[in-house]
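Right, one structure below, let's go through it.
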Amino acid sequence: MTEQVTIIGAGIVGICCALSLQERGIPVRLVDRGEPGQETSFGNAGVVSPWSIIPQAVPGIWKKLPQMLLDSKSALSVRASFWPKMIPWGMRFLGKSDEKSVREVSDAMEILCRPSIDLYRRHLHGTGHESLIADSYYIHAFRNPDEANLDALGYQIRREKGGELERVDGSELRRLEPAMSEEFKAAIVIKGQARATSPGRLGAVLAEKARAQGAEFVRAEVRGLSRAEDGTWQISTSQDTLNAHNVVLAAGVWSAELLKPLGLPVPLVAERGYHVEFPNPSAVLNNSVMDVDAKVVASSMQGGLRVAGTAEFASVDAPADPRKEQILTDQAKSLVPDLNTDEAQFWMGRRPSFPDSLPAIGQLPGKDGLYSAFGHSHYGLMMAPKTGELVADLVSGRSPNLNLDPFSLARF
């Protein structure tokens, strides 16, 4: 196949789909309203983790939800107007929180996350920006040392699958991360990780590589997707109407609205995340660090020290909550006491989240030539390269030799 494929969405998932299609000799066109890789992809915590294979719904989470929802400073919040959508989504979420479901979802997450570092390095090879992916540990830091338990289900699953994990005490944690607060008494160190030193720059560099290899980028807002009389897909944009035989839908949370007119309602919500980046931090972290209590992740990047987290459920177009900036800044100071918080830069993005933490990947049922590549929740940076590989295989007629049922929209 050599006919051009149109990708709706030029975030990190769409860009990786483009690169993998190009590797198979297939020309691509990407359509997005913004600059490539500068929307949701831009603002994540930068963790590139082959072992981020534990879903958000885990056993016992139902016990913690009421307290989290009542605490104005917790990582979880729901806008009042969103509760009618939140309740059915939340019931599906809790229905996947038993150990059997967690293990099944983890198996599927492993398919997407395990090869992430190698695939990114392959894509970056020859760009001159190979340092955008740096070797790193992922440190889960605990104030209560009793909670740093390698036998907890999430760590147990990682170890069963071959992950190298180590429990360290406070003194060893300070040796690894001298800038961290002494409040943290223990940590689980997950090895064999990497981190993006600038997620936004990573997206821009890979998009430029795709462009240099012949990719066409169309700057326009996609407003509709329909089947034309000749059987092709018709893409209505703010500028023009485009036609394509094969379309990859990688528009993140905005994918759901494009599918509704096609009779494909999907339980996809905007799980909004925030970050604060401190450009002159006067303190450095050597690895990606999660404050397990606050559910925030900190990492030193090219632009400063970034602290990212929170899960705010609200409509896609709801304004950012300005209170999150101070909450994240306080959490950053709690993690790194000597942090200089002057000139902080505040950001909000929209994670596209399904209840089971898995994306939708594959040809859509009854829609020949239309492929899904969206819904990557908290894991988009890790899952993007392998998603691109799977989509490119499917579009080019190759068999991925994997069971893709866990990523089918038919699961809902």
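Values below: every heavy atom of this structure, side chains too, minus hydrogens, waters and symmetry copies. Throughout, numbering of the chain's residues begins at 1 and tracks the sequence. Everything numeric in this text was worked out from a predicted model, so none of it was measured.
Here the CG atom belonging to L259 is positioned 6.5 Å from the CG atom belonging to L370, to the nearest 0.5 angstrom. T241 contributes atom OG1, which lies 9.5 Å from atom CD1 of I235 (distance to the nearest 0.5 angstrom). The distance from atom NE2 of H378 to atom CG of N44, rounded to the nearest 0.5 Å, is 11.5 Å. Atom CG of L225 is separated from atom CG of L258 by 6.0 Å, given to the nearest 0.5 angstrom. In this structure, OG on S353 lies 11.5 Å from CG on L358, to the nearest 0.5 angstrom. Between L132 atom CG and E130 atom CD the span is 8.5 Å, to the nearest 0.5 Å.
Among residues at least two apart or in separate chains, there is no ring pair (Phe, Tyr, Trp, His ring centres under 6.0 Å) pair with a member in residues 163-205. Annotation: ring pair (Phe, Tyr, Trp, His ring centres under 6.0 Å) contacts involving residues 160-182, sequence neighbours excluded, are absent.
A salt bridge links R159 and D151; the closest N-O separation between the charged side-chain nitrogens and carboxylate oxygens is under 4.0 Å. The pair E389-K386 does not meet the salt-bridge criterion, since no charged nitrogen lies less than 4.0 angstrom from a carboxylate oxygen. The pair E104-K96 does not count as a salt bridge, with every side-chain nitrogen at least 4.0 angstrom from each carboxylate oxygen. With respect to the salt-bridge test (charged N to carboxylate O, under 4.0 angstrom), the residues R174 and E182 do not qualify. Ionic pairing of K100 and D98 is not present here: no N-O contact between side-chain nitrogen and carboxylate oxygen is shorter than 4.0 angstrom.
With hydrogens and angles left out, the side-chain atoms of S49 and Q193 include a donor and acceptor closer than 3.5 Å. A side-chain donor from one of R29 and T6 sits under 3.5 Å from a side-chain acceptor of the other.
Residues passing the salt bridge (charged side-chain N to carboxylate O under 4.0 Å, His left out) test with K63: none are found, sequence neighbours excluded. Residues satisfying the side chain to side chain contact (heavy atoms under 4.5 Å, CB included) criterion with E277, sequence neighbours excluded, are H275, M301, R306, Q345. Every residue meeting the side chain to side chain contact (heavy atoms under 4.5 Å, CB included) condition with P355, not counting sequence neighbours, appears here in chain and number order: W89, R92, F93, P267, F412. Looking at residues two or more places apart in sequence or on another chain, you find a side chain to side chain contact (heavy atoms under 4.5 Å, CB included) between S41 and I12. Qualifying side-chain hydrogen bond (donor to acceptor under 3.5 Å, both in side chains) partners for T197, counting only residues two or more places apart in sequence or in other chains: Q302. With sequence neighbours left out, W233 forms a ring pair (Phe, Tyr, Trp, His ring centres under 6.0 Å) with no residue at all. Annotation: side chain to side chain contact (heavy atoms under 4.5 Å, CB included) contacts of P281 (sequence neighbours excluded): L305, L339. Partners of R143 under the salt bridge (charged side-chain N to carboxylate O under 4.0 Å, His left out) rule, at least two apart in sequence or in another chain, are E183, D291, D293. Residues passing the side-chain hydrogen bond (donor to acceptor under 3.5 Å, both in side chains) test with D356, sequence neighbours excluded: R411. With sequence neighbours excluded, the residues satisfying side-chain hydrogen bond (donor to acceptor under 3.5 Å, both in side chains) with E99 are R103.
Across all non-hydrogen atoms, the minimal contact from S52 to C113 is O-SG, 3.4 Å. Contact record, N403 with I111: O-CD1, 4.4 Å, taken as the closest heavy-atom pair. Minimum interatomic distance between G309 and V296 (heavy atoms only, all atoms of both residues): CA-CG1, 4.3 Å. The heavy-atom pair separating P199 from G46 by the smallest distance is CG-CA, 4.0 Å. Closest heavy-atom contact between I188 and F142: CG1-CE1, 3.9 Å. Nearest heavy atoms, I54 versus S106: CD1-OG, 4.2 Å.
Without hydrogens or angle criteria, T387 side chain to A373 main chain gives no donor-acceptor distance under 3.5 Å. Remark: side-chain polar atoms of R195 are paired, donor with acceptor, to backbone N or O of S300 under 3.5 angstrom. Under the 3.5 Å distance criterion, the side-chain polar atoms of S74 are matched with a main-chain donor or acceptor of L76. The backbone N or O of S72 lies less than 3.5 Å from no partner atom in the side chain of R323, so there is not a single donor-acceptor pair. Under the 3.5 Å distance criterion, the side-chain polar atoms of Q239 are matched with a main-chain donor or acceptor of R219. Remark: side-chain polar atoms of N286 are paired, donor with acceptor, to backbone N or O of L176 under 3.5 angstrom.
The number of heavy atoms from other shown groups lying within 6.0 Å of OH (Y137) does not exceed 12. In K64, the NZ atom is not crowded: 12 or fewer heavy atoms of neighbouring residues, nucleotides or ligands sit closer than 6.0 Å. When the shell of 6.0 Å around NZ of K333 is examined, it contains more than 12 heavy atoms from other residues, nucleotides or ligands. Heavy-atom contacts from other residues, nucleotides or ligands closer than 6.0 Å to CD of E160 number more than 12. Other residues, nucleotides and ligands contribute more than 12 heavy atoms inside 6.0 Å of the CZ atom of R79.
Exactly one of V316, V266, V253 qualifies for a side chain to side chain contact (heavy atoms under 4.5 Å, CB included) with P352. That residue is V253.
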- Could you check V5 against V248 for side chain to side chain contact (heavy atoms under 4.5 Å, CB included), going step by step and ending with a plain yes or no? CA-CA 7 Å; V5 171; V248 176; 3.9 Å; yes
- Query: Checking side-chain hydrogen bond (donor to acceptor under 3.5 Å, both in side chains) for the pair S77/K324: CA distance, chi angles, key distance, verdict?
  - Reply: CA-CA 11 Å; S77 60; K324 302 291 187 185; 3.1 Å; yes
- Query: Are F374 and L268 close enough, and set up right, to give a side chain to side chain contact (heavy atoms under 4.5 Å, CB included), and what steps lead you there?
  - Reply: CA-CA 9 Å; F374 62 86; L268 188 72; 3.9 Å; yes
- Message: Could you walk me through whether E177 and N287 satisfy the side-chain hydrogen bond (donor to acceptor under 3.5 Å, both in side chains) test, starting with their C-alpha distance in whole Å, then the side-chain angles of each, then the deciding distance to 0.1 Å, before giving a yes or no?
- Response: CA-CA 8 Å; E177 296 292 351; N287 303 279; 2.8 Å; yes
